[in-house]
Amino acid sequence: MSRIVVVLNGPNLNLLGKREPEIYGRETLADVEAECRRLGAELKLAIEFHQSNREYEIIDWIHGARERAAAIVINPAAFTHTSVAILDALNAFGGPIIEVQISNVHKREAFRHLSFVSAVASGVIVGCGTEGYALALRRIATLIGEDKG
Ligand code: DQA
């Protein structure tokens with residue numbers, strides 16, 4: 001069984017650590033990727049890590065995960081609140097999906113309270129900072145089970 005986990009990051013997350021650090025913290029996306037790879041190795045998950053500022057690229061990565069990857073972790077960033085297209089793509093993926101929001105979007109502007117992705121997610125991790133990605137991977141390891149090797 002596949003143990004590939006596709007970790008997807010939406011627009012502006014390439015600026016993580018530099019943009020609004022009081023909201024998103026000082027860790028960069030490269031730090032987040034390194035931690036996902038470290039924990040992935042521990043949990044025997046094969047991590048594929050991507051970021052894009054383009055909606056179609058995120059949709060293409062979701063399509064590429066179909067019938068190949070075990071699970072998806074996704075922080076769609078601003079597309080969370082706007083993208084029916086990402087929701088539709090995720091609906092065509094069979095495995096577990098964990099949504100990550102670095103900040104507590106519910107404490108912020110009302111337009112951030114709606115997530116199209118939550119409607120399809122197996123779980124949602126909100127406001128745990130960049131640690132949310134590690135929590136998501138641990139949840140996926142629970143959902144897909146141990147590697148019996
Ligand atoms: C975010 C929250 C979104 O509202 C925002 O547009 C982002 C980051 C988060 O992880 O906290 O870019 O997805």
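Counting convention: from 1, in listed order, for ligands and their atoms alike. For the numbers below, each heavy atom of this structure counts, side chains included, while hydrogens, waters and symmetry mates do not. Since this is a predicted model, take the numbers as computed values, not measurements.
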#### Entry: Subset of ligand 1 atoms that lie under 4.0 Å from at least one heavy atom of A78
6 (O), 12 (O)

### Query
Which ligand 1 atoms does H81 reach within 4.0 Å, using its non-hydrogen atoms?
3 (C), 4 (O)

### Query
So, does H113 use its side chain to make a donor-acceptor pair with the main chain of R108 at under 3.5 Å?
yes

### Protein residue, atom and distance nearest to atom 11 (O) of ligand 1, heavy-atom basis
S103 OG, 2.6 Å

### Task
Check whether any side-chain N or O of H81 sits under 3.5 Å from a backbone N or O of L114 as a donor-acceptor pair, and report yes or no.
yes

### Task
Give a yes/no on ligand 1: does V105 have at least one heavy atom closer than 4.0 angstrom to it?
yes

### Query
Which protein heavy atom lies closest to atom 13 (O) of ligand 1, and at what distance to 0.1 Å?
Q101 OE1, 2.6 Å

### Message
Under 3.5 Å between any N/O of R108 and any N/O of ligand 1: does that happen in this structure?
### Response
no

### Expected output: side-chain E99 to main-chain S118 donor-acceptor under 3.5 Å
yes

### Message
When you measure from the side chain of N91 to the backbone of D88, do you find a donor-acceptor pair of N or O atoms at a distance under 3.5 Å?
### Response
no

### Task
Indicate yes or no: does an N/O atom of I102 lie under 3.5 Å from an N/O atom of ligand 1?
yes

### Task
Assess the side chains of N53 and Q51: does a donor N or O sit below 3.5 Å from an acceptor N or O?
yes

### Task
Note the single closest protein heavy atom to atom 5 (C) of ligand 1, along with its residue, its atom name and the distance in Å.
R112 NH1, 3.3 Å

### Query
Looking at atom 7 (C) of ligand 1, what's its closest protein heavy atom, distance included?
Y24 OH, 3.5 Å

### Salt bridge flag under 4.0 Å for residues R68 and E48
yes

### Task
Using non-hydrogen atoms of the residue, decide whether R19 is closer than 4.0 angstrom to ligand 1.
yes

### Message
Side chain, backbone, both or neither: which applies to N75 and ligand 1 if a contact is any heavy-atom pair less than 4.0 Å apart?
### Response
side chain

### Task
For the pair R37 (side chain) and I47 (backbone), establish whether a donor and an acceptor sit closer than 3.5 Å, ignoring hydrogens and angles.
yes

### Query
Are a donor atom and an acceptor atom from the side chains of N12 and Y24 found within less than 3.5 Å of each other?
no

